[in-house]
Structure formats: C-alpha cells, structure tokens
Trainee: 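Have a look at the structure that comes next, please.
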Amino acid sequence: MRGLPLAAWAYVCTVVALGTSCIALSSFDHMDWTTLAVLAVLSVICESVPALLSSASARVSLSYSAGLASVVLLGPVGAALVGASAVVTGRRDVALVKRVFNGAQFALSGYLAGVVYRVAGGTVGLPSNGSFPAIIPPYVAALVTYVAVNLGLIAVILVLVEQAPLWGFRWGPVGQLASGQLAYGMFGLLIAAPWGVVGPFSAVLVLLPMFIARWALEQTQAQQEAQAATIAALCQAVETKDYYTRGHSERVSRGAAMIAREIGMRPDRVGAVRYAGMLHDVGKLGVPTKVLQKSGALTEEEFAAIQLHPMRGLEIVRDIGFLDEALAGIMHHHERMDGTGYPMGLAGSEIPEFARVISVADAFDSMTSTRSYRPAMSLEAGMTELRRCAGTHFDPALVEAFVTAVERDGWTRPDPVAPPEGEETAQQDHDDPSVPLRVAGEGVRS
Amino acid sequence: MSAPAPARRRTIGQALDSAQLLLSAVAGLLVIGSVTQVAAVGVVDSRTAVLFGALIAVGELLRMNVPGNREVAPIASAGALGYALLLKVGAESAAHSAFQVVTVTACGTLAGALPHIAVGRIPRLDALARRIITPAVVAFIFRPVIDSSLRAHWPALITVMVLTVILSCVVDVSVAAMIRAEAVRARFGIALGDEIQAMGPLCAASGATGMLLAVSTFVMGPAALLVFTAPILVTQVAFRRFAGIRATYLQTVRALSQVTEVGGYVEAGHSRRVSRLAVAMGRELGMTEEELLELEYAALMHDIGQLSLRDPIPGGATVLASPQEQRRIAELGAGVITKTGVLDEVAEIVRRQSDPYRVSDGSAPPLASRVIKVANAYDDLVGDSADRDRSAAVLERLRLDSAAEYDPTVIEALGHAVDRMR
C-alpha cells in the first residue's frame with residue numbers, strides 16, 4: 001500500500017472521517033452494550049475466518065449477517081459500531097490502512113442501513129411475537145442499502161488504486177458478489193429474530209451450519225484442485241514416452257481454453273474443454289512405441305493403429321462422469337472439416353464443437369514445437385499454416401478466434417529440445433498438418 | 001479345511017446383517033406403537049403437525065449420499081428434531097407428546113421416500129431407521145421435561161435442549177458405526193472414528209437447525225419453518241457438491257489408472273483388482289477410512305511408473321522383475337504422483353511398495369506399501385483366474401516368502417480377504 005495514489009489517500013481519509021463522525025455525533029443513550037459487544041465479537045470472528053475460496057460468492061464474509069442483525073437489534077449507531085469492529089480482524093496479512101478503511105466503510109454502511117431501516121418503518125429492538133411479517137420490508141430495504149453502500153465504497157477505492165478499470169468494468173463477478181452478500185445478509189434477520197428468546201445463542205445456531213457449509217466448500221475446492229493436478233500429472237506421465245511431445249497436453253489444454261473463452265463459452269464449458277485438451281492424446285499410449293518412432297512410411301496396419309488412438313483415449317476416460325461433452329472432444333479431435341479425418345470421417349458442423357476447438361490448438365502446438373525431422377515453426381508461420389488449412393481441415397471461425405487470442409495474450413512455446421544422444425525419438429507426428437504422415441503405397445495422409 | 005463354512009454363513013447374512021435387522025425392528029415397533037397411541041388419543045395441534053411433517057417429507061425427498069456411501073437427509077433430521085424440541089408456536093404452548101413426534105416423523109419420512117421408491121431408488125433400511133429413532137430419542141427425553149417444573153427456568157431448559165441434541169448425535173453416530181462395523185467387518189473403534197469424522201459436522205448442523213426451528217417459532221409462528229431452514233439448506237448444497245467432487249475424483253483416478261493397461265504395460269484389470277484386494281486387506285488390518293482412500297489411490301496408481309519404461313516388462317508382472325527394476329518403477333511412479341502436489345502420502349506409499357519387509361536399517365515400509373506389495377504379487381501370480389487351487393498355491397508361496405519379503409500379518413490379511421471375496 002506504499003504507492004497509494006494521492007486521490008486514493010484523500011478518498012480513504014474522507015470515508016474514515018465520515019464513518020467516525022457518524023459514530024461521534026450520535027447519542028449513546030438506550031444503547032444495549034452487552035448485545036453490542038456480543039455482535040461486535042461475532043463480527044470479528046466471522047471476518048477473521050480466512051476466505052480461501054476463489055469463487056466470488058463464497059468470498060463474502062459472514063460478518064455481513066452480524067452487521068445486519070445489529071441494524072435490527074441496536075439501530076444505526078450500534079450498527080456503525082459493530083461495523084467499525086472490522087478494524088480488529090484476526091487476519092494478519094491485511095495492511096493497517098486497509099483495516100481502517102474497512103472499519104470505516106462497514107461503519108458507514110451499517111449507519112446508513114440503520115437509518116433506512118427506521119425510515120422504512122422498522123422498529124429497533126428485540127423482535128417479538130407481532131413483529132412478523134411487518135419487519136420484512138424495512139429489513140430488506142436496510143439490506144439493500146447496506147450491500148449497495150458497501151460495494152459502492154469498495155468499487156471506488158478499487159478504481160482509485162487502479163486495480164480495476166473504470167470503463168469496461170466486469171459486472172459479472174460484482175453481480176455474483178452482490179447476490180452472495182444479499183443472501184448472507186438475510187441471515188442477519190435469522191440471528192435477530194430469536195435473540196429475544198435465546199440471546200446470543202441464536203447466532204451460534206444460525207452460523208454453525210454456515211461454518212460447516214463453508215468448510216465443506218473449502219474441501220470441495222481442494223478436491224477440485226487435486227483432481228486437476230492429478231489429471232495433469234498423469235497426462236505428463238503419458239508424454240514422457242516421447243521426448244519431443246512433453247508439455248504438449250498442457251499447452252493444447254491452454255490453447256483450447258483460449259479459443260473457448262474467445263468465442264464466449266460459458267465458464268463451466270471452458271473448464272470442460274480444458275480437461276478435454278489435457279486428455280486428448282491419452283490414447284496414444286495404446287499405439288506401440290515403435291510405430292510412433294518409425295522413420296519410414298507407415299504400413300496400413302500401423303496407420304490404423306494411429307487412427308485408433310482417439311478411441312483408445314475414449315476407452316480410458318469414458319467412466320469419468322463429469323467429462324460429458326469433453327468425451328466427444330477427445331474422440332473426434334482428428335476429424336477434419338472436409339470429412340477426411342478419423343475415426344468417423346465427420347464433416348463440418350457434425351464435428352462436436354469441443355473437437356474442432358482442440359484440433360486447432362493441437363495442430364498449432366505441434367507445428368510450433370521442435371520435431372526430430374524439422375525445427376519448430378515461428379508463431380507467424382504456424383498461424384499462416386492454420387489459416388491455409390481453415391475450411392478444409394479446421395473451422396475458420398475458431399482459427400480466427402485462436403489467432404486473435406494468441407496475438408493478444410501471447411503463446412508460450414516449448415523450449416527447443418535436443419534429445420540426449422542415443423535416445424530414440426519419433427520421426428513423424430500425427431498432429432502435424434504441415435507434414436502429413438506417410439503411408440506406404442498411398443502417398444501421404446494426414 | 002474349515003474355511004468354506006464361515007464363508008457360507010456370511011453370504012446368507014450378507015443382505016440382512018443382524019444389527020441392521022434389529023435396528024429396523026426397533027424402528028418398526030416404535031412407529032407402530034406411536035401410531036396406535038396417537039390414533040387412540042387424537043392429534044394435538046394438527047396444523048403444526050402437518051407443517052413439520054411436510055418439512056420432513058421435503059427433507060427426505062432431498063436426501064443425498066455423502067462420502068463413504070452414507071445416506072443422509074439433513075433437512076429432514078433438522079425438521080424432526082425441531083418438532084421434538086418445540087416449545088411454543090406463537091403464543092400457544094406446544095403440547096404434543098413424544099408419540100406424536102414419532103408418528104409425524106414416520107409419516108413425513110414415508111411421504112418423502114415414496115417418490116424415490118417409485119423411481120426405483122430404495123432407501124437404505126438402516127439409515128431410514130436411524131432417521132426415525134434419533135428424533136424419537138430426543139422426543140422421549142425432552143417432551144416430559146417440558147411438562148416438568150423446569151419449564152420456567154429458561155437457561156436450564158436451553159441447557160437440557162443442547163444436551164439432548166448432543167446425546168441424540170452420539171446415539172446416531174454410534175448406531176451407524178455399529179452397523180458399518182458389521183457391514184464392512186471393520187473394528188467398532190475404527191468405524192466409530194470414521195463415522196464421527198464423516199457424520200459429525202452434519203449432525204451438528206442438523207442439531208443446530210433443529211434447535212433454531214424450535215425457538216424461532218416463538219416469534220414467527222409456523223412461518224419460521226420456511227425461513228429458518230435456510231442455513232441447513234446451504235449446508236446441504238455444500239455437502240452435495242463435496243460428495244460429488246469426491247466421487248468424480250475417485251472415478252478419475254480409477255479411469256486414468258487404466259493407462260498402463262491400454263499401453264500394454266500390465267494385464268487388463270490389474271490395477272483395479274489390486275486396489276480392490278488392497279482395500280479389503282486394509283480393512284482387515286484395521287485401517288481408517290482416510291487411510292483406505294489413500295491406499296486405494298496408491299494401489300490404483302502403483303504401476304504408473306512403468307509408463308516411463310521404454311518397453312513393457314514381459315507380461316507386465318513386476319513381481320517377476322529384478323529388485324532394482326522394481327525399485328526403479330516405484331521411484332518413477334512416486335515421481336509422477338509427487339507432481340500432483342497434493343498426494344504426497346500416496347507418493348510415499350508407491351515409493352516404498354517394492355521394499356522388502358525386513359530391511360537392514362530397521363525402517364519398515366508403511367503398512368499401505370506392505371499391503372500393495374502383497375496384493376500386487378498375488379494378482380501378478382493369480383491374475384483374474386478364479387481357480388481355487390492356483391490361488392491357494394500362490395498364497396502358500398507368498399507365505400513361504402513372508403519371513404523376509406512380505407509382512408506375515410499382511411499375508412494373513414490376504415488370506416482372509418481372498419476367502420471373503422470368493
């Protein structure tokens with residue numbers, strides 16, 4: 001936070017001043033200090049649970065519910081004080097200026113939500129038998145205010161420290177964040193409602209299942225990462241057989257994901273295409289090493305063995321339930337737009353989208369990697385070659401999407417490799433459209 | 001040989017384990033008794049009863065399987081507990097009896113289970129029985145307390161409430177552990193530990209929500225049922241996702257472990273047979289569920305190191321390869337697994353799989369490695385043959401080697417496991 005721009009400093013000071021004055025200029029008569037202390041402690045505890053999750057909705061802290069419960073139980077001033085308690089978070093990694101800003105903006109959000117709650121006709125204090133359902137409209141108004149003020153104040157600071165662009169701001173994650181916050185905020189009412197009956201125990205009863213849910217989500221996240229890492233490691237193991245193709249799966253996976261994002265696929269499908277790219281050549285293991293490394297023309301049988309590898313790959317991964325659409329991508333990644341590919345000879349739009357995406361990234365990585373029979377092509381030459389084959393071999397729209405994405409984000413080529421002396425290496429590459437496979441008696445095949 | 005006799009007894013008992021049978025009988029009698037009693041004295045406050053019954057039915061409809069193939073219905077459990085602990089609805093005191101709680105729970109559960117049964121998903125009898133018995137325990141303890149003088153002492157009443165819920169969790173988990181111990185032939189202590197780990201968080205969440213339902217009806221009346229189930233709903237969604245990813249991860253490793261077979265490095269089905277055998281042996285040796293999962297991963301991937309070999313070992317049987325070769329495969333395999341960055345224990349198991357049991361420097365390989373070594377040797381020598389003589393001969397041969405090469409207790413476990421799997 002050293003290099004904070006001047007405007008950001010001014011903004012932080014303003015927010016802190018506003019937050020402080022909200023609290024300082026109010027009267028503290030009729031304040032229920034016990035409830036206040038309990039809610040403040042609760043808010044700090046919730047705030048201190050490290051948010052390890054990457055999904056936007058889960059990053060929302062549960063302290064929202066404490067803040068909103070205080071709106072109902074304590075009114076604007078109490079809510080501001082509970083919000084200000086965010087200054088003392090248990091997280092050591094948060095810089096002091098961030099904590100102070102956080103405390104101030106939560107105090108402001110709480111205060112304004114409290115005011116709105118009152119104006120909308122809500123009664124401050126313990127909800128009783130007759131409070132429902134009349135309490136719900138003012139509560140919702142307070143909740144919306146709280147979330148809007150909170151997000152607004154944070155959005156401004158993000159823009160000021162230039163972590164987010166002012167124009168072209170991505171609203172998707174913010175929407176997700178807001179809905180998560182609104183949902184968590186509703187739990188504030190659940191905490192407040194039985195407070196008159198069981199006191200602070202109601203917070204325990206509401207938040208225990210939430211913490212357990214959070215734990216389960218963390219486990220889920222860890223398992224997801226473990227799964228991705230395991231698939232990547234096993235694919236690498238499959239590649240070790242051939243010196244030149246190491247890292248190929250990883251790069252195809254990345255390239256396929258770039259295309260998928262470029263053409264605007266949904267995030268879950270991008271994830272699936274990433275897996276499909278990773279696993280596309282797993283069936284190559286079923287092709288005998290001596291066929292893969294043969295230098296002369298292939299016999300019909302040997303060519304058939306190579307043609308079979310997408311099916312062998314499918315055989316291996318068929319039982320993995322979540323792959324679904326990725327399976328089609330793996331099976332058909334050597335089909336060509338003109339219908340002369342394998343294993344089925346599908347043409348045009350008959351070829352599953354995933355397969356068309358993978359085949360572009362697959363061929364590009366093959367061409368721009370070193371092979372024993374030729375040096376690596378430059379990226380430009382690779383793209384020219386892709387464009388040349390667009391329409392016959394590749395889907396032109398996907399080729400263009402890929403070229404755009406590579407020109408913008410770049411492409412990491414493998415380091416030029418020189419295999420150790422005596423290591424036998426592949427003499428041709430079935431993925432390489434610029435040098436088609438040679439099959440005895442029939443000229444060339446791709 | 002006396003081995004066949006116990007094996008036959010087990011096959012008859014397999015479908016109907018005695019503990020499971022006993023539990024279902026208790027639940028059945030309880031339900032019949034309660035329904036009769038309620039029919040005789042009539043239903044108190046039928047509106048609340050119907051509302052809670054509906055909540056339980058919805059929860060039962062949304063039941064799910066959590067890791068370890070455990071059937072749970074957290075929302076239904078929370079609803080039943082809430083009804084058992086109910087004190088007041090609005091200003092009215094809740095005067096229903098424990099028998100009525102059991103009746104409402106049973107009716108709700110049945111109503112929620114019917115759609116599942118209609119599409120052929122039969123509920124697990126023991127899990128179903130526990131979902132009725134657990135709230136019944138709470139009801140029979142707590143309903144009489146409400147009528148006593150304790151009613152006026154609010155903190156004391158809350159304390160009793162908490163203690164009752166904790167007790168019900170203990171009963172639930174212990175009964176589940178007893179049934180599991182019998183079903184998978186694990187020791188009770190180990191099954192209990194597994195069960196606490198797997199079910200503890202869900203029990204706590206259901207218990208908390210049950211209490212929340214019971215106290216929130218004070219201020220909100222019956223509408224509380226709609227609103228205050230939100231936390232448990234979040235928990236249920238989170239657990240469902242967790243269970244889903246756990247299952248697909250295992251599926252993924254199972255599927256990808258076949259690469260060695262497709263590549264012609266090992267016999268078809270070798271990895272799966274070794275993993276199934278290893279898990280059966282691990283259970284026999286008293287491993288916990290977590291250890292068993294690691295063992296299964298390691299067993300599935302134990303030959304992954306062969307992928308780095310230029311040419312497959314003839315026949316793929318590592319047991320026939322030289323010790324240096326075996327060690328190299330183990331090292332290479334561990335290297336692959338280490339690259340995942342998350343399976344370090346599994347990598348260690350794979351690394352030590354070829355070490356002989358008696359090593360000169362006194363550091364024996366981990367139990368899981370010893371198990372895989374034996375399971376791998378057995379499968380290399382027997383394959384998928386179902387020939388009993390061959391299996392017995394191989395067992396005998398491994399026993400002879402067991403002083404130096406194999407751990408004798410692991411060989412014993414192999415004997416039991418092979419017996420059981422027939």
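A quick note: this is a predicted structure, and the numbers were derived from the prediction, not measured. Residue numbers begin at 1 in each chain, while the letters A, B, ... track the order of the sequences.
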Trainee: Relative to chain B, which segment of A/L208 carries a heavy atom at a distance below 4.5 Å: side chain, backbone, both, or neither?
Mentor: side chain
Trainee: Could you go step by step and tell me if A/L205 and B/F228 meet the side chain to side chain contact (heavy atoms under 4.5 Å, CB included) rule?
Mentor: CA-CA 10 Å; A/L205 293 183; B/F228 284 84; over 6 Å; no
Trainee: Take B/T248 and A/Q227, measure what side chain to side chain contact (heavy atoms under 4.5 Å, CB included) needs, and give me the verdict at the end.
Mentor: CA-CA 8 Å; B/T248 62; A/Q227 174 164 298; 3.2 Å; yes
Trainee: Checking B/Q251 side chain against A/I320 main chain: does a donor-acceptor pair fall under 3.5 Å?
Mentor: no
Trainee: Please identify, among B/S216, B/A230, B/G341, the residue contributing the most non-hydrogen atom pairs under 4.5 Å to chain A.
Mentor: B/A230
Trainee: Might you confirm whether atom CZ of B/R241 has over 12 heavy atoms from other residues, nucleotides or ligands at distances under 6.0 Å?
Mentor: no
Trainee: Could you have a look at B/T217, B/L202, B/V336 and say which one has the most heavy-atom pairs with chain A under 4.5 angstrom?
Mentor: B/V336
Trainee: Under a 4.5 Å cut-off applied to non-hydrogen side-chain atoms, are B/W154 and A/V197 in contact?
Mentor: yes
Trainee: Treating B/T235 as the side-chain partner and A/P209 as the backbone partner, does any N or O pair qualify as donor plus acceptor under 3.5 Å?
Mentor: yes
Trainee: For the atom pair CD1 (A/I231) and OH (B/Y249), what is the distance rounded to the nearest 0.5 Å?
Mentor: 9.0 Å
Trainee: How far does CD of B/Q258 sit from CZ of A/R318, to the nearest 0.5 angstrom?
Mentor: 8.5 Å
Trainee: First locate atom CZ of B/R246, then atom CD of A/Q223, and finally report the distance between them rounded to the nearest 0.5 Å.
Mentor: 5.5 Å
Trainee: Can you tell which part of A/I135 gets under 4.5 Å to a heavy atom of chain B, answering side chain, backbone, both or neither?
Mentor: neither
Trainee: Tell me, side chain or backbone of B/V253 under 4.5 Å from chain A's heavy atoms, or both, or neither?
Mentor: side chain
Trainee: Please classify the contact between A/A232 and chain B as side chain, backbone, both or neither, with a heavy-atom cut-off of under 4.5 Å.
Mentor: neither
Trainee: Quick check on A/M311: does its CE atom have over 12 non-hydrogen neighbours (other residues, nucleotides or ligands) under 6.0 Å away?
Mentor: no
Trainee: Please lay out, stage by stage, how A/F187 and B/V234 fare under the test side chain to side chain contact (heavy atoms under 4.5 Å, CB included).
Mentor: CA-CA 11 Å; A/F187 288 110; B/V234 174; 4.0 Å; yes
Trainee: Name the option with the most non-hydrogen atom pairs under 4.5 Å to chain B; the candidates are A/L207, A/I316, A/V204, A/V282.
Mentor: A/I316
Trainee: With a 4.5 angstrom heavy-atom cut-off, could you sort out which part of B/I245 is near chain A: side chain, backbone, both or neither?
Mentor: both
Trainee: Would you check if B/V259 and A/L234 make a side-chain contact, meaning some heavy-atom pair closer than 4.5 Å?
Mentor: no
Trainee: Grab the two heavy atoms, one from A/M210 and one from B/P231, that are nearest each other, plus how far apart they are.
Mentor: SD-CA, 4.0 Å
Trainee: Pick one of side chain, backbone, both or neither for B/I158, based on which atoms fall under 4.5 Å of a heavy atom in chain A.
Mentor: side chain
Trainee: At their closest point, which heavy atom of A/P127 faces which heavy atom of B/V219, and how far apart are they?
Mentor: O-CG1, 3.6 Å
Trainee: Distance from B/S206 atom OG to A/I212 atom CD1, nearest 0.5 Å?
Mentor: 8.5 Å
Trainee: Name the region of B/V342, side chain, backbone, both or neither, that has any atom closer than 4.5 Å to a heavy atom of chain A.
Mentor: side chain
Trainee: B/I232, B/V227, B/V162, B/T209: which one forms the most heavy-atom pairs within less than 4.5 Å of chain A?
Mentor: B/V227
Trainee: Which region of A/T230, side chain (C-beta onward) or backbone (N, CA, C, O), has a non-hydrogen atom less than 4.5 Å from a non-hydrogen atom of chain B, or is it both or neither?
Mentor: both
Trainee: Among B/T260, B/V237, B/L256, who wins on heavy-atom pairs under 4.5 Å with chain A?
Mentor: B/L256
Trainee: In terms of heavy-atom proximity below 4.5 Å to chain A, should B/L212 be classed as side chain, backbone, both, or neither?
Mentor: both
Trainee: Taking atom CD of B/E290 as the centre, report whether more than 12 heavy atoms of other residues, nucleotides or ligands fall under 6.0 Å from it.
Mentor: no
Trainee: In terms of relative ring orientation, are B/F242 and A/W215 parallel, tilted or perpendicular, with 30° and 60° separating the classes?
Mentor: perpendicular
